[in-house]
Amino acid sequence: MAEKALVLGGGGITGIAWEIGILAGLADYGVDLTAADLVVGTSAGSVVGADVRSGTSLAELYRVQTAPATGEIYAKMSFRVMLSYLRAMAFTRKPEVARRRAGAMAMRAQTESEDARRKVIESRIPTAEWPAGKLQITAVDAVSGEFTVFDASSGISLVDAVGASCAVPGIWPPVTINGRRYVDGGMRSGTNADLAAGYERVVVIAPLAQGFGVLESLARQVRRLTDQGVRVAVVTPDKAARRAIGRNVLDPARRPAAARAGHAQASSVVAQVSAVWVTAETH
């Protein structure tokens, strides 16, 4: 059984900031999660995964997150978009059907251009090259609804993989890769933590943990992992972090506060994370 996996979930621009704050705070206490054998990134987590795999120090990544979010585009989840999600996800028991509906909605939506959005993604990650460490980035085929996992062997740009994983339907444009259109990996699961099956120790950092309709909850995925003998620690925002993040996870102005809240929260979760990451018994 392989050793350690770090799973980074979706949660908008504030989710990126909060996750990096958590990681930087834990590192200050001597728990460095960036040394994971596998990093799984979904949506916001794909940005964080690319960031931490790039070799850039957590201190520097945290500094960037606490600075004003220049270059980011303000967005908000409208009632119409939320209603479209409800229609796509809640009225079917077949996950691929729901994902196809979300993909169709994404392709109809009036959004920023792919080129404009790509520039934002490029500004978020320190390198356009796939890192040496194992990194998996999740997305969904907008037409077929098929769940897709990109990695260094996929033969595509890291920027495109991250952009696809962050392409929230109805908010950002689907990303075109080799003639296919892709949307947010969070359309399958907010974390896709089940990709860490086969790893002995798993830490999940999840700004959003709830399921919805056919979107599987993190709790259910964690139960499957633990049933397989995997040691799992889950970190979600505490009350102070939720207040800092606010209701609109796509608001760049809330990024610095979310990062600082994550950094502060690290002190209350370090024992839980360390028990899995550092002192877990070898199976």
Discussion item. Salt bridge check, Lys119 against Glu122: does any charged N sit closer than 4.0 Å to a carboxylate O?
Written reply: no

Discussion item. Do Tyr29 and Val269 have side chains that approach each other closer than 4.5 Å (heavy atoms only, starting at C-beta)?
Written reply: no

Practice prompt. Can you establish whether the number of heavy atoms outside Glu60 located under 6.0 Å from its atom CD is more than 12?
Written response: yes

Worksheet item: How close do Ala44 and Gly15 get, heavy atom to heavy atom, and via which atoms?
Response: CB-C, 4.4 Å

Worksheet entry | Lys4 side-chain N/O to Trp277 backbone N/O, donor-acceptor pair under 3.5 Å | yes

Fill in: Contact check, side chains of Val52 and Leu58, non-hydrogen atoms, under 4.5 Å
yes

Fill in: Minimum side-chain heavy-atom gap Leu33-Ile205 below 4.5 Å
yes

Fill in: Side-chain donor or acceptor of Glu114 paired with backbone N/O of Thr176 under 3.5 Å
yes

Worksheet item: Got a sec: does the CG of Asp227 have more than 12 other heavy atoms crowding it under 6.0 Å?
Response: yes

Worksheet entry | Joint hydrophobic cluster, Leu215 plus Val97, side-chain heavy atoms closer than 4.5 Å | no

Practice prompt. Using atom types as modelled and distance alone, determine if a side-chain donor or acceptor of Trp130 lies under 3.5 Å from a backbone N or O of Ile156.
Written response: yes

Worksheet item: Is any side-chain heavy atom of Ile125 closer than 4.5 Å to a side-chain heavy atom of Val159?
Response: yes

Worksheet item: Between Asp160 and Phe150, is any pair of side-chain heavy atoms under 4.5 Å apart?
Response: no

Worksheet item: So, the side chain of Gln265 versus the backbone of Thr236: is there a donor-acceptor pair under 3.5 Å, distance only?
Response: yes

Discussion item. So if I apply the side-chain contact (heavy atoms from CB on, under 4.5 Å) rule between Thr42 and each of Ile137, Thr138, Val48, which one comes out positive?
Written reply: Thr138

Worksheet entry | Any Lys134 side-chain heavy atom under 4.5 Å of Asp37 side chain | no

Worksheet item: Under 3.5 Å, side chain of Gln272 to main-chain N/O of Val234, donor-acceptor pair present?
Response: yes

Worksheet item: Hey, is Arg231 close enough to Glu200 for a salt bridge, meaning N to O under 4.0 Å?
Response: no

Worksheet item: Mind checking whether Val47 and Ile13 have side chains closer than 4.5 Å, heavy atoms only?
Response: no

Discussion item. Taking the side chain as everything from C-beta on, heavy atoms only, tell me whether Met187 gets closer than 4.5 Å to Phe147.
Written reply: no

Fill in: Whether Arg188 side chain and Ala139 backbone form a donor-acceptor pair below 3.5 Å
no

Worksheet item: Sub-3.5 Å donor-acceptor pair from the side chain of Arg254 to the main-chain atoms of Ile245, do we have one?
Response: yes

Fill in: Single-linkage hydrophobic cluster, 4.5 Å side-chain cutoff, Ile16 and Ile121 together
yes

Worksheet item: Okay, side chain of Gln65, backbone of Ala259: is any donor-acceptor separation there less than 3.5 Å?
Response: no

Worksheet item: Judged by atom type as modelled, is there a donor-acceptor pair below 3.5 Å linking the side chain of Arg201 to the main-chain atoms of Ala275?
Response: no

Worksheet entry | Arg224, CZ atom: more than 12 neighbouring heavy atoms under 6.0 Å | yes

Fill in: Arg117 and Thr111: CA distance, side-chain angles, deciding distance, side chain to side chain contact (heavy atoms under 4.5 Å, CB included) verdict
CA-CA 9 Å; Arg117 181 61 177 163; Thr111 66; over 6 Å; no

Worksheet entry | Thr191, Asp194, Asn192 screened by side-chain contact (heavy atoms from CB on, under 4.5 Å) with Val7, the one that passes | Thr191

Discussion item. Let me check something: do Trp172 and Val120 share a hydrophobic cluster, defined by ILVMFWY side-chain heavy atoms less than 4.5 Å apart, either directly or through other members?
Written reply: yes

Fill in: Salt-bridge contact Asp141-Arg100 (side-chain N to carboxylate O under 4.0 Å)
no

Worksheet item: Is it true that Leu8 and Val168 fall in one hydrophobic cluster, defined by side-chain heavy atoms closer than 4.5 Å?
Response: yes

